[in-house]
Structures are given as structure tokens and as C-alpha cells.
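Atoms within a ligand are numbered from 1 in the order they appear, just like the ligands themselves.
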Amino acid sequence: MQKILVTGGAGFIGSHTVVALHEAGYTPVIIDDFSNSASSVIDNLKDLTTSDLLFFRGDVNDKTFMQKVMRDTKPSAVIHFAAKKAVGESVANPLAYYRSNVDGLLTVLETMQENDIKSIVFSSSCTVYGEPDVCPVTEDTPQKQATSPYGATKQMCERILEDVTQSDALNSVALRYFNPVGAHPSAKIGELPIGDPNNLVPFLTQATAGLRGPLTVFGDDYGTPDGTCVRDFIHVMDLAEAHVSSVKYTLSHNGYNTFNIGTGHGNSVLELIKSFESVTGQKVPYSIGARRPGDIVKIWADTNKAKNELGWQTTRSLDDSMRDAWHWQQSLK
Ligand code: UD1
């Protein structure tokens, strides 16, 4: 069985991708330092995958560690998730973001080069588009200047990947994620940020479970149908499956490619709350607050390129995502 190295494999998207890789017949090799995840994720992954996965604890910025893992396991491809992702934190501490996100990718690419590994899938983000003039956005929509150091690292990393793909004859894919939500239907893995959640859905489920105060909806006076921001919320298992399609793609196609990974539909924050309430029967405690600085008003994906070239598309609804997110939250009690 081909081995696939998954950096950040204990994180939210990484852990679900490990399950999808296993289901597709690959052996996942996980690297994680648990800086934003719990070590129990690995045990739960072993349960879910009946455990042919390999795990190494360490930091992607540690070149000696990365060299040893690549030399010992000889993966066919790398999926590089390990990075920091909190927009506000990146404004407060940009050095940590440039060091972790940019340097991390450089170390991964250097150790791939030294071990002659030619395929890589990189975690990018719809944040590279900034506030778009027109929705949906295609991969050719012009990029605006990033509004945060986090966004800037994703733009820089895409450029680095494109340049190194050319110089080293790599096969590479940058996936521009829209908003991943939901959890594995088994409720054995899900989104569990360390500390207070920044993102909408973990805050919403924790507030509904009574673990924190009410959710604040950041602004209802935007120029959108109900006044709240609009996002493309994608079930994390659909997103995980896009990585399997992308690994297959990099193992058979040369060059650098970017793909939007979303559902192709926009939903507002209030629509997401309504979906959650209708599938769970729970009342979400929330109030309307001020706009959050730096928020994009509305963005959703044109996913035709991913459909046509990766042969991938979403199969799960927003209701499915909300149901699975709630089951996951309940399993944590
Ligand atoms: C942001 C980044 C995205 C990144 C992701 C990772 C941008 C434009 N987007 O997504 O690239 O991958 O973080 O963490 O930089 N909301 C509330 N109340 C809350 C939390 C959120 O109303 O307590 C609203 C926000 O205002 C937003 C929506 O929910 O409209 C989604 O927010 P969030 O989950 O934080 O994701 P993004 O900001 O879209």
C-alpha cells in the first residue's frame, strides 16, 4: 500500500483526511506536535481505521525530524496541513505566522527534494482572494492584497510551491478551502480547538451545550439578504475526500494546480443557525453584535474546475454538517 505523509494529521481537517485516505486504500503516516490538537485524536483514528496508520510526534520546522520520517517511511506523496490558522492571532503575532507557515513549507519542500518525493498537496485558503468583487470566485479571480499576515502566508506559500514545482519538476496542488464544518459521522473525531474557539461552528455548538456564554453574530447590517455574512460551508468529510482525489491527481499529473474546494453555494450565518436548530431541535443562544474587523462580507466558490479535473464533488448538505457537528459536541460531554 502506498504511504501518504500527512503533516498536521491530528488537526481538524488532517484527521478526517487520514480516515478518507485509509478508506481509499492508502497507509497514512501522521506527523503532529499537538500544538493545536489532542493526543487522544491518534487513538480515535486508530479505532476508526483499524489502525494501519503510522504516527510520529514532532514539528515540521524540525528538519532533522522531518528527514528521519521521510527516510524511514518513504511516502509516495505529502499532504501538508501543519500550520497556524487564526486570523486575529496572526495580526497580533505575525512573526510566529511567517515562521510557522512559510518556514514549515520550506522545510517540507527541502526534505522532499532530498528524498526525491515528487507529489504534494498543500492546504491553502479562500482567504487568498480577499474580498471578491464578484461571487462565485473561480481559481482565476484576481487576488487582492491579503488583509492579515495569515492570509499573506497562504499567498506566499502558493507562490513558493509554484516556483519549486517548476524548478524541481514536482506535481503539486494547492487546495483553496472555503469554510470546513461538521465532523465524522461516527463522532469519534471533530473540531476541537484548544482554548476559546475563533470559528463559528465550534463556538455555536459549545454555546448550545452550555459550555460558554451565548454566541455573538458579528454584524447584521451587511449588504446581504439577511444582513449577516455569507460563506461557503463545506462538510469536512467532503473536504477530506478532495484530498484523496488530489493525491491521485498529483501521482498522475505534472505541474502546479490550484482548486477551489467548496460546495458552490453561499449560506449566511443566520441560515447556518436555522439549519442547526431545525436538524438538532436545539435553540442556539445568540445575540447580534458588532461587525468583526477584517471579516469578508460574502464569498462562495465556483467548483467546476475541481469537478472537471479532480473528478470530485460534495455529497453532503449543510443540514448533514450541522447534525454531525452536534453529535460530535455531545460525544465530548
Ligand atoms: C477565516 C479565514 C479563512 C480561514 C479560517 C480558519 C478569512 C476571510 N477567512 O474564515 O481563510 O481558513 O478563518 O480559521 O480570512 N462568526 C460569528 N460569530 C463567531 C464566529 C464567527 O458571527 O463567534 C461569523 C464571522 O463573522 C463570519 C462567519 O461566522 O462571518 C465565519 O467565521 P469563521 O468561522 O471565523 O471563519 P472565516 O472568518 O470565514
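With a heavy-atom cut-off of 4.0 Å, Asn199 touches ligand 1 through backbone and side chain alike. Contact annotation: for Tyr150 versus ligand 1, heavy atoms closer than 4.0 Å belong to the side chain alone. If you look at Leu200 next to ligand 1, the close heavy atoms, those under 4.0 Å, come from the backbone and the side chain alike. Within the 4.0 Å heavy-atom criterion, the part of Asn179 lying near ligand 1 is the side chain and not the backbone. Heavy atoms of Leu215 found under 4.0 angstrom from ligand 1 belong exclusively to the side chain. In Lys154, neither the side chain nor the backbone holds a heavy atom less than 4.0 Å from any atom of ligand 1.
Checked for salt-bridge contact, Glu241 and Arg316 meet the test: a charged N lies under 4.0 Å from a carboxylate O. Salt bridge absent: Asp168 and Lys118 never bring a charged side-chain N and a carboxylate O closer than 4.0 Å. A salt bridge links Arg231 with Asp295: at least one charged nitrogen is closer than 4.0 Å to a carboxylate oxygen.
For Trp300 and Phe178, the ring centers are positioned 6.0 Å apart or more.
Any N or O atom pair closer than 3.5 Å counts here, and Cys126 shares no such pair with ligand 1.
Among Phe233, Phe218, Phe203, the residue whose heavy atom lies nearest to atom 20 (C) of ligand 1 is Phe218.
Ring geometry for Trp326 versus Phe276: interplanar angle over 60°, hence perpendicular rather than tilted (30 to 60°).
Counting protein heavy atoms only, atom 30 (O) of ligand 1 is closest to Cys229 CB, 3.1 Å.
A cation-pi arrangement is not found for Arg57 relative to Phe34, the charged atom failing to lie both closer than 6.0 Å to the ring centre and inside a 45° cone about the ring normal.
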